[in-house]
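Let me begin by presenting the structure, written as structure tokens, before commenting on it.
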Amino acid sequence: MTAGPGSRNFFVGLLKSATSLSQLSQTHAQVIVHGLQYDLAIVTKLTHKLSDVKAIHKARQLFLTIPKPDLFLFNVLVKGFSKNESPLASISLYAHLRNNTSLTPDEFTYAFAISGAVGFKDDKYGILLHSHSVVDGLASNLFVGSALVDLYFKFSQVELAQKVFDGMSERDTVLWNTMISGLARNCCFFGSIRAFSDMFARGMPFDSRTLAAVIPAVAELNELQVGMGIHCLTMKEGMDYDVYVLTGLVSLYSKCGEIDTARFLFGKISHPDVVCYNAMIAGYASNNDTESSVRLFKEFLALGEKVNPSTIVGLIPVSYPFGHLQLTSSIQSFCLKSGFLSDSFVSTALTTVYCRLNEIESARQLFDESPKKSLASWNSMISGCTQNGLTEMAISLFREMMSVFSPNPTTITSILSACAQLGLLSLGKWVHNLIESKNLESNIFVKTALVDMYGKCGSIVEARELFDLMTEKNVVTWNAMISGYGLHGHGNEALELYNEMLHTGVAPNGVTFLSILYACSHTGLVREGDNIFKSMVLDHGFEPLAEHYACMVDILGRAGQLVQALEFIRKMPIEPGVVVWGSLLGACMTHKDKSIARVASEKLFELDPGNTGYYVLLSNIYSADRNFPKAALVRQVVKNRKLEKTPGCTLIEIGETTHVFTAGDRSHPRTMEIYAMLDKLTGKLKEGGFQTETITALHDIEEEEKELMVKVHSEKLAIAFGLIATEPGTEIRIIKNLRVCLDCHNATKLISKITERVIVVRDANRFHHFKDGVCSCGDYW
DNA sequence: ATAGGGTTAG
């Protein structure tokens with residue numbers, strides 16, 4: 001047949017060039033006029049084009065008019081449903097084809113259906129299609145394999161994706177590209193780069209898509225050198241004018257802080273589109289150049305171009321929120337007016353900034369009012385709570401979320417952080433099971449968070465086991481393990497690990513030094529701490545922050561070298577702030593040094609008049625020195641200024657249930673038994689010659705204060721409850737929100753001996769393992 | 001069947 005007017009080829013040609021629904025409808029009308037409405041070539045082309053212009057319902061209606069569609073037409077509609085986010089329609093059509101026709105699905109059917117299955121909430125349909133494709137002998141086809149690899153990556157099933165990839169007998173550029181971008185999108189940044197160099201080493205031809213896929217991984221790792229290598233490669237291959245590659249490079253250089261190079265490359269793009277602008281706007285914002293970011297945004301608007309949600313997201317000062325409350329609310333009003341606020345990416349970014357600005361109420365309002373809550377929206381609200389210490393709210397949001405979404409690695413990481421903060425080992429273990437059942441163990445964030453959680457919940461051995469099993473570790477992973485050892489007072493293990501870390505070539509950061517100094521402090525390793533501090537400056541060129549100085553003061557102070565500590569502070573090149581003086585005051589309490597305490601506390605009252613902790617510490621110092629009038633005076637100051645001290649409370653988990661006790665608490669259902677146990681213990685303690693410090697410290701203190709001190713401290717109640725609620729001989733673990741007091745510390749030592757129990761206490765500062773009358777902290781805390 | 005920018009996490 002020729003292409004003359006009214007012929008099949010004529011209509012097919014007409015359809016090919018059509019770009020709008022109205023053109024397609026007109027042509028369709030003419031097709032009917034010419035009696036060609038059942039011509040499969042024409043119908044297939046029309047179906048294809050209808051789904052291209054998103055008129056998927058029309059495509060479906062057309063399909064239904066065809067009495068005997070062939071496999072090609074089925075495939076076109078399966079693809080149409082998949083591309084138009086109708087996964088259910090796509091898989092139903094596939095099932096219909098498979099079960100109710102004489103046709104057999106081919107590699108295209110599977111490839112299209114699998115790519116549609118990505119749109120489901122979970123991966124069960126994808127797995128079903130995978131197994132069917134295995135049965136039909138098509139799973140090792142390149143098209144099907146690529147679609148499967150992509151599918152598993154979209155569901156964070158990195159290992160399954162890898163398995164499919166490894167099992168392929170043949171690999172082409174597309175399959176490699178899918179692998180490289182999938183790894184990058186699943187935070188396997190090293191893996192992504194490794195796959196790229198593997199591909200390169202095997203002589204597999206790569207294209208600009210390959211580079212565009214690997215660049216984000218390089219950017220995420222801040223691997224400037226690797227990035228520059230890839231940049232050279234793009235020039236060598238003549239791909240340095242590819243807009244995708246250039247955009248990726250703009251983002252890469254921005255993320256590595258090379259904003260000038262980013263700007264230069266942006267200038268090289270002949271016709272930058274909105275995505276390029278977005279990368280540059282976000283680049284400025286993430287380099288703390290809010291002004292340029294806003295300027296470029298306005299420039300882009302002035303061009304009459306339409307911004308998209310990503311433009312706004314890049315503009316929102318997520319990385320440098322401080323001092324930009326005004327800008328943030330301006331952006332919010334702009335979004336409200338232009339309708340961007342309903343975009344979940346935008347509202348998520350705004351929620352995050354408000355959380356980082358400690359404007360939790362604004363964040364919560366935004367979150368509650370956002371019409372389409374994505375998993376990321378929930379994650380940003382949950383992590384915002386976690387980071388602001390609102391851990392209970394975080395956990396209740398998490399429970400609420402679970403009925404709508406299945407948690408992803410980000411959610412898991414946030415919630416593990418909440419568990420770590422609260423010491424909720426049982427919830428932490430539950431999350432660990434969840435991770436295993438969901439196969440999310442390959443994520444480095446998740447594993448690091450697990451190590452951190454076990455360390456902070458007292459299971460240091462468990463933490464180490466997980467740590468050792470990790471094949472990929474970054475600086476945060478090492479930091480988590482080192483600080484875990486620090487919390488438990490295992491300074492030597494921390495030092496060993498630190499050296500091992502240096503050996504493996506991972507560069508330490510500020511947190512590493514903080515963790516290792518902290519570990520030295522809690523183990524009384526003065527000389528080692530001093531060496532680390534010096535090496536930090538001399539070998540690693542690291543500029544110590546106030547926190548690092550505070551740690552050194554802590555080290556000297558805990559070791560009783562208070563004069564040296566004061567001397568050290570006087571020599572500091574930066575202004576010693578609250579943390580530094582606070583450390584000194586804490587040390588003065590331990591060593592009962594009034595005169596230096598007075599120096600430190602005067603500084604603190606001046607710097608941070610609203611904080612009660614220092615008043616309490618100072619008053620305790622006076623009390624310990626039997627200077628009750630002075631102690632009362634300090635407490636009076638607290639009262640006059642209407643400063644409230646944080647009430648102490650202690651938490652204990654029995655099985656899955658958490659019990660919280662406050663001082664003198666009588667609200668627990670087993671109160672009678674608890675107090676009876678306490679009486680029994682007190683009797684035995686007295687027999688052992690133990691004297692309560694509080695009783696002797698009751699002169700000259702107001703009635704109200706006296707009462708407070710007479711009240712049984714919450715940790716004793718929790719321990720007594722632990723003794724009656726658990727099997728003899730088992731370990732008791734409790735968590736206190738404040739630092740454990742001297743009296744409770746002494747009592748716990750003896751209780752551990754009398755009852756032959758190991759008692760693990762996590763206080764605000766560290767872990768204490770009581771066993772046989774001795775505490776692991778060596779009375780250093 | 002694959003690609004660039006933007007949200008969430010340790």
Side-chain angles (χ1 to χ4, degrees), chain A residues 79 82 107-108 110-112 114-115 141-151 153 172-182 184-185 187 206-216 219 242-252 254 269 272-283 285-286 307-316 318 343-353 355 374-384 386-387 407-417 420 443-453 474-477 479-480 511:
Chain A
K79 182 183 177 183
S82 293
E107 66 268 32
F108 293 100
Y110 278 114
F112 298 147
I114 291 166
S115 73
N141 174 275
L142 276 175
F143 274 55
V144 179
S146 292
L148 281 171
V149 169
D150 190 51
L151 171 101
F153 275 130
D172 64 356
T173 303
V174 171
L175 181 61
W176 278 100
N177 289 356
T178 310
M179 196 65 201
I180 292 167
S181 79
R185 284 200 308 258
C187 308
F206 62 89
D207 56 16
S208 60
R209 290 179 180 225
T210 321
L211 298 179
V214 75
I215 289 172
D242 182 290
V243 64
Y244 283 81
V245 171
L246 277 175
T247 309
L249 287 173
V250 167
S251 170
L252 177 132
S254 302
I269 306 174
D273 63 8
V274 61
V275 181
C276 307
Y277 269 94
N278 293 352
M280 198 64 233
I281 289 169
S286 62
V307 301
N308 65 21
S310 309
T311 324
I312 310 289
V313 170
L315 188 68
I316 296 169
V318 181
D343 180 90
S344 84
F345 276 51
V346 171
S347 64
T348 301
L350 284 170
T351 306
T352 308
V353 186
C355 286
S374 67
L375 182 53
S377 319
W378 283 92
N379 288 344
S380 83
M381 197 62 235
I382 292 172
S383 71
T386 306
Q387 284 162 1
N408 72 356
T410 308
T411 328
I412 302 262
T413 311
S414 294
I415 215 69
L416 280 174
S417 158
N443 186 296
I444 189 167
F445 278 73
V446 168
K447 280 224 181 142
T448 304
L450 268 177
V451 169
D452 188 56
M453 184 277 291
N474 61 22
V475 63
V476 187
T477 318
N479 291 351
V511 178

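Order of the sequence lines sets the chain letters (A, B, ...), proteins ahead of strands, with each chain counted from 1.
- In this structure, of dG5(B), dG10(B), dA1(B), it is dA1(B) that holds the atom nearest to the side chain of K79(A).
- Closest approach to the N278(A) side chain among dG5(B), dT8(B), dT2(B) is made by dG5(B) (side chain taken as heavy atoms from C-beta onward).
- Checking dG5(B), dT7(B), dA3(B) against every side-chain atom of R209(A), the shortest atom distance belongs to dA3(B).
- For A279(A), whose side chain is taken as the heavy atoms from C-beta onward, the closest listed nucleotide among dG5(B), dA1(B), dG6(B) is dG5(B).
- Neither OP1 nor OP2 of dT7(B) sits under 4.0 Å from any side-chain N or O of T352(A).
- Looking at heavy-atom distances under 4.0 Å, V174(A) makes contact with a base.
- Contact annotation: S251(A) side-chain N/O to dG6(B) OP1/OP2 distance is under 4.0 Å.
- Atom CG in L148(A) sits about 14 Å away from atom C1' in dT2(B), given to the nearest Å.
- When the nucleotides dG5(B), dG6(B), dT8(B) are ranked by their closest atom to the side chain of D343(A), dG6(B) comes out on top.
- The A282(A) side chain lies nearest to dG6(B) when the options are dG6(B), dG4(B), dT7(B).
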Start with the C-alpha gap between T410(A) and T413(A), add the side-chain angles, then the distance that decides, and say whether side chain to side chain contact (heavy atoms under 4.5 Å, CB included) holds.
-> CA-CA 5 Å; T410(A) 308; T413(A) 311; 5.5 Å; no
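- Evaluation of atom-type donor-acceptor distances gives a pair under 3.5 Å for the side chain of N308(A) against the base of dG5(B).
- As judged by a 4.0 angstrom heavy-atom cut-off over every strand, V318(A) is placed among residues touching the sugar-phosphate backbone only.
- Heavy atoms of L375(A) sit nowhere under 4.0 angstrom from any nucleic acid atom.
- The two residues D452(A) and A420(A) come nearest to each other via the heavy atoms OD2-CB, 4.0 Å.
- Applying side chain to side chain contact (heavy atoms under 4.5 Å, CB included) to D150(A) and the options T178(A), I114(A), N177(A) leaves one that passes, T178(A).
- Across all strands, L142(A) comes closer than 4.0 Å to base atoms (heavy-atom distances).
- Between I215(A) atom CD1 and dT2(B) atom C1' the separation is 15 Å, expressed in whole Å.
- Taking the side-chain hydrogen bond (donor to acceptor under 3.5 Å, both in side chains) definition, one finds that T448(A) meets it with T477(A), sequence neighbours left out.
- The CZ-P distance, from R185(A) to dA3(B), rounds to 6 Å in whole Å.
- A salt bridge does not link D242(A) with R209(A): none of the charged nitrogens is closer than 4.0 Å to a carboxylate oxygen.
- Atom pair N408(A):CG and dT8(B):P shows a separation of 13 Å (rounding to whole Å applied).
- Between the side chain of D273(A) and the base of dG5(B), no donor-acceptor pair under 3.5 Å is found.
- Between the CD1 atom of I382(A) and the C1' atom of dG10(B) there is a distance of 16 Å, rounded to whole Å.
- Comparing dT8(B), dG10(B), dT2(B) by their closest approach to the side chain of V476(A) singles out dG10(B).
- Counting any heavy atom pair closer than 4.0 Å across all strands shown, N141(A) reaches no nucleic acid atom.
- Without hydrogens or angle criteria, N278(A) side chain to I281(A) main chain gives no donor-acceptor distance under 3.5 Å.
- Remark: ring of Y277(A) not stacked against base of dG5(B); the cut-offs of centroid gap under 5.5 Å and plane tilt under 30° are not jointly satisfied.
- Judged purely by atom type and a 3.5 angstrom limit, S286(A) uses its side chain to pair as donor or acceptor with the backbone of G283(A).
- Listed candidates were dG10(B), dT7(B), dA1(B). Nearest to the side chain of T448(A) is dG10(B).
- The side chain of V275(A) approaches dG4(B) more closely than any other nucleotide in the set dA1(B), dT8(B), dG4(B).
- N177(A) has its CG atom 9 Å from the P atom of dA3(B), to the nearest Å.
- For dT8(B), neither phosphate oxygen OP1 nor OP2 lies less than 4.0 angstrom from any side-chain nitrogen or oxygen of Q387(A).
- Rounded to whole angstrom, the span from the CE atom of M453(A) across to the C1' atom of dG10(B) amounts to 12 Å.
- Closest to the side chain of T348(A), from the set dT7(B), dG10(B), dA9(B), is dT7(B).
- S146(A) comes within contact range of at least one nucleobase, with a heavy-atom separation under 4.0 Å.
- Across all strands shown, F108(A) has no heavy atoms under 4.0 Å from either base or sugar-phosphate atoms.
- Spacing between atom CD1 of I444(A) and atom P of dT8(B) amounts to 19 Å, rounded to whole angstrom units.
- Evaluation of atom-type donor-acceptor distances gives no pair under 3.5 Å for the side chain of T413(A) against the base of dG10(B).
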